[in-house]
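Position 1 is the first residue of the sequence; numbering continues from there.
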Amino acid sequence: MKFPEGFLWGGAVAAHQLEGAWNVDGRGPSICDVLTGGAHGVKRVITADGVEPGKNYPNQRGIDYYHTFREDDALFQEMGFKCFRTSISWSRIFPNGDDAEPNEAGLKFYEELFRDYRAKGMEPVVTLSHFEMPLALAKQGGFTNRKAIDCFVRFATTVMERYKDLVKYWLTFNEVNNQMEMHTEIFPYTNSGIIPDPNDTPHEVEQKVWQAIHHEFVASALVVRKGHEINPNFKIGCMLAMVPIYPATCRPDDVMHAEVLMRDRLLFGDVYCYGEYPHYLTHRWERDGFDIKMEPGDADIIKHGIVDFISISYYMSAAVSADAVGSWDGHGLPGQVRNPYIAATDWGWQIDPVGLRYVLCTLYERYRKPIFVVENGIGMYETPDEHGYVADDARIAYLRSHIEEVGKAIALDGVEVMGYTVWGCIDVISFGTGEMKKRYGMIYVDADDYGNGTYKRSRKKSFEWYRKVIASNGEEL
């Protein structure tokens with residue numbers, strides 16, 4: 001199975017997970033700078049009032065990429081990356097989100113960064129909002145406040161104009177559908193800047209999230225239109241976290257339950273690609289008593305701001321049983337059960353390569369737009385030898401099996417796939433847990449969960465394996 005010529009192989013990261021330098025060169029605090037470190041089964045704590053003494057804030061450190069990007073980029077170049085996905089830290093450009101002028105030092109940093117990518121043969125793929133809203137804007141309600149639309153569009157316009165000759169591929173909101181797990185605080189907080197209020201009822205929480213989602217749809221559509229005005233050659237996409245939801249059995253109740261839950265994953269693509277709200281969603285709002293405030297013209301904005309392509313993250317699938325809904329604790333998927341046919345990682349993420357092909361086929365037939373797999377990878381506990389080398393055969397097996405399924409989707413199913421970028425191609429701070437020990441990279445970084453270590457980089461076994469994959473355009477797996 002051959003991958004198309006010009007296929008974009010590469011790696012993916014996010015600014016808040018690797019840059020560090022959280023308070024230098026004029027950068028303001030972002031929402032992830034006040035997320036404490038956690039662990040599997042230990043949730044991260046949001047200290048939205050500011051940094052609290054004695055607490056561990058791993059995103060403030062990252063892996064110091066702000067100061068080491070040229071050396072790290074050289075390693076990516078050595079692997080043969082055709083593209084590199086990162087994000088622009090919103091608070092590095094507008095420290096408070098609503099500043100009168102952008103921070104020139106931040107703009108210069110990203111200009112140097114993107115020039116370095118191009119000099120090393122890597123096409124930049126840039127996410128505009130990857131859990132990096134300025135904390136000051138979150139304190140004003142985040143995207144529940146319509147003001148955030150103007151702030152985001154101004155930020156996006158500023159950077160798209162500045163880098164119009166350096167960046168072709170743009171993504172608006174990262175994994176925007178994560179926040180459908182509305183009662184897991186970290187998701188509405190990082191997606192939309194919604195600071196948890198313990199006095200909110202569950203219905204009030206959901207009302208806030210739905211309002212924020214509407215504002216994000218308007219903001220995304222405005223940015224798509226503005227981007228195409230700035231440079232008609234821009235390719236601007238959405239970014240969806242894709243977790244296919246299977247019925248635990250072929251019992252009709254399980255099938256219907258999975259169908260209804262899958263709408264929470266697909267409704268975002270429906271709006272981004274069709275330019276209107278699906279009937280099942282507007283009916284749901286009416287049925288459940290949600291009052292979404294919309295301004296005259298919002299529907300027209302959304303209609304004329306359709307994305308050029310779909311990008312996705314894919315890590316796992318899920319299975320659900322209608323009978324298990326009664327024991328749901330409000331987190332994760334109602335009725336989720338273990339799929340006995342597939343294994344799981346140490347963090348409980350079920351490994352399902354075929355699910356990636358299933359997702360690609362589903363999305364392509366539904367939307368008929370190119371798809372870019374911009375996140376796929378596996379977090380693992382790893383111990384290097386005395387030379388910093390890690391024989392990460394399990395990662396190689398994971399990536400191989402998933403790339404094979406991408407190849408099948410292209411060759412057997414006719415899906416138009418633009419590229420594939422390995423998530424966390426260098427060890428970075430884990431988003432969900434804030435750990436360093438949950439390692440995704442093909443490059444090892446000598447640092448622990450508390451910032452101890454030399455931060456020296458070393459190549460894992462998967463580094464050379466992926467280099468050969470890219471050099472052969474996916475033929476040598």
Side-chain angles (χ1 to χ4, degrees), residues 12-17 30-32 85-91 93-94 97 125-134 137-138 141-160 167 169-182 186-194 208-227 234-243 264-275 277 281 298 301-302 305-313 363 367 369 371-372 374-375 423 431:
V13 295
H16 70 96
Q17 290 167 270
S30 82
I31 51 177
C32 277
R85 178 191 173 216
T86 190
S87 61
I88 296 175
S89 177
W90 188 349
S91 67
I93 308 304
F94 288 96
V125 179
V126 176
T127 312
L128 290 164
S129 181
H130 197 138
F131 314 153
E132 289 148 0
M133 174 182 281
L137 211 54
F143 269 100
T144 66
N145 185 345
R146 193 173 177 96
K147 171 184 175 179
I149 297 176
D150 293 335
C151 293
F152 179 71
V153 172
R154 185 160 170 257
F155 157 65
T157 300
T158 299
V159 297
M160 288 191 297
V167 178
Y169 298 100
W170 301 88
L171 312 178
T172 53
F173 292 96
N174 179 72
E175 291 188 328
V176 67
N177 50 350
N178 277 348
Q179 61 195 317
M180 295 310 295
E181 291 189 34
M182 297 182 183
I186 193 172
F187 293 129
Y189 176 69
T190 51
N191 275 140
S192 297
I194 301 174
K208 285 182 178 180
V209 175
W210 284 124
Q211 188 64 62
I213 287 170
H214 172 68
H215 289 158
E216 286 160 350
F217 280 135
V218 173
S220 175
L222 287 169
V223 166
V224 169
R225 291 168 66 179
K226 187 64 179 178
F234 279 173
K235 299 297 181 185
I236 307 172
C238 60
M239 202 293 201
L240 309 176
M242 289 310 301
V243 179
D264 284 352
R265 293 282 158 188
L266 295 172
L267 74 88
F268 293 84
D270 287 351
V271 178
Y272 283 131
C273 296
Y274 296 137
Y277 285 113
L281 178 57
D298 281 2
I301 290 169
I302 291 171
I306 291 173
V307 296
D308 300 314
F309 67 95
I310 300 162
S311 71
I312 65 168
S313 63
L363 293 178
Y367 304 124
K369 288 187 179 291
I371 303 172
F372 199 158
V374 295
E375 288 188 29
W423 173 253
F431 160 62

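A donor-acceptor contact shorter than 3.5 Å links the side chain of D308 to the backbone of I236. In terms of modelled atom types and a separation under 3.5 Å, the side chain of H215 and the main chain of F143 share a donor-acceptor contact. Although no hydrogens or angles enter the test, the distance criterion places a donor-acceptor pair under 3.5 Å between the side chain of K369 and the main chain of V307. Looking at S220, its side chain never comes within 3.5 Å of a backbone N or O of E216 through a donor-acceptor pair. Counting only distance, with no hydrogens or angles, the side chain of E132 and the backbone of A15 share a donor-acceptor pair below 3.5 Å. A donor-acceptor pair under 3.5 Å is formed between the side chain of S311 and the backbone N or O of C238. A side-chain donor-acceptor contact under 3.5 Å links N191 to the backbone of Q179.
Heavy atoms only, all atoms of each residue included: A148 and G142 are closest at CB-O, 3.5 Å. Among all heavy-atom pairs drawn from E175 and S313, the shortest one is OE2-OG, 2.6 Å. Across all their heavy atoms, V153 and A219 have their closest contact at CG2-O, 4.1 Å. Here the shortest heavy-atom pairing between W170 and I88 reads CZ3-CD1, 4.3 Å.
Side-chain atoms of V176 and L240, non-hydrogen and from C-beta on, do get closer than 4.5 Å to each other. Counting heavy atoms from C-beta on, the side chains of N174 and R85 come closer than 4.5 Å. At least one side-chain heavy atom of W90 sits under 4.5 Å from a side-chain heavy atom of L137. Under the 4.5 Å side-chain criterion, counting only non-hydrogen atoms from C-beta, F187 is not in contact with V209. With contacts defined as side-chain heavy-atom distances shorter than 4.5 Å, the pair P188/K208 does not qualify. Contact of the I186 side chain with the E181 side chain is not registered, since no non-hydrogen atoms from C-beta on lie closer than 4.5 Å. Inter-residue side-chain proximity for W423 and F431 is flagged as unmet; no heavy-atom pair is nearer than 4.5 Å. Between I213 and F268, the closest side-chain pair of non-hydrogen atoms falls below 4.5 Å.
Atom NE2 of H16 sits about 6.5 Å away from atom OG of S87, to the nearest 0.5 Å. Remark: I310 CD1 to L171 CG distance equals 12.0 Å, nearest 0.5 Å. One distance of note links CD1 of I312 with CG of L363; it measures 6.0 Å at 0.5 Å rounding. Interatomic distance, T157 OG1 to L128 CG, rounded to the nearest 0.5 Å: 9.5 Å. Put simply, OH on Y272 and CG on L267 are 10.0 Å apart, with the number rounded to the nearest 0.5 Å. To the nearest 0.5 Å, atom NE2 of residue H130 and atom OG1 of residue T172 are 12.5 Å apart.
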- [ ] May I have the step-by-step check of side-chain contact (heavy atoms from CB on, under 4.5 Å) for N177 and D264, ending in yes or no?
- [x] CA-CA 7 Å; N177 50 350; D264 284 352; over 6 Å; no

Task: Working for side-chain contact (heavy atoms from CB on, under 4.5 Å), residues T190 and N178 - done: CA-CA 9 Å; T190 51; N178 277 348; 5.9 Å; no

TODO: Could you walk me through whether R146 and D298 pass side-chain contact (heavy atoms from CB on, under 4.5 Å), step by step?
DONE: CA-CA 12 Å; R146 193 173 177 96; D298 281 2; 2.7 Å; yes

Open item on the list: Run the side-chain contact (heavy atoms from CB on, under 4.5 Å) test on M239 and T127 for me, step by step, so that the C-alpha distance in whole Å, both residues' side-chain angles and the decisive distance to 0.1 Å come before the verdict.
Closed with: CA-CA 9 Å; M239 202 293 201; T127 312; 5.8 Å; no

TODO: For Y367 and D270, run side chain to side chain donor-acceptor pair (under 3.5 Å): C-alpha distance rounded to whole Å, both residues' side-chain angles, the deciding distance at 0.1 Å, then the answer.
DONE: CA-CA 8 Å; Y367 304 124; D270 287 351; 2.7 Å; yes

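Between Y277 and F217, the ring-plane angle classifies as perpendicular under the 30° and 60° cut-offs. Ring geometry, F309 versus Y169: the interplanar angle exceeds 60°, so the pair is classed perpendicular (tilted spans 30 to 60°). Aromatic ring orientation, F94 versus F155: perpendicular (interplanar angle above 60°, classes split at 30° and 60°).
Centroid-to-centroid, the aromatic rings of F152 and F173 come within less than 6.0 Å.
By the side chain to side chain donor-acceptor pair (under 3.5 Å) test, Q17 is found to be paired with no residue, residues two or more places apart in sequence or in another chain being considered.
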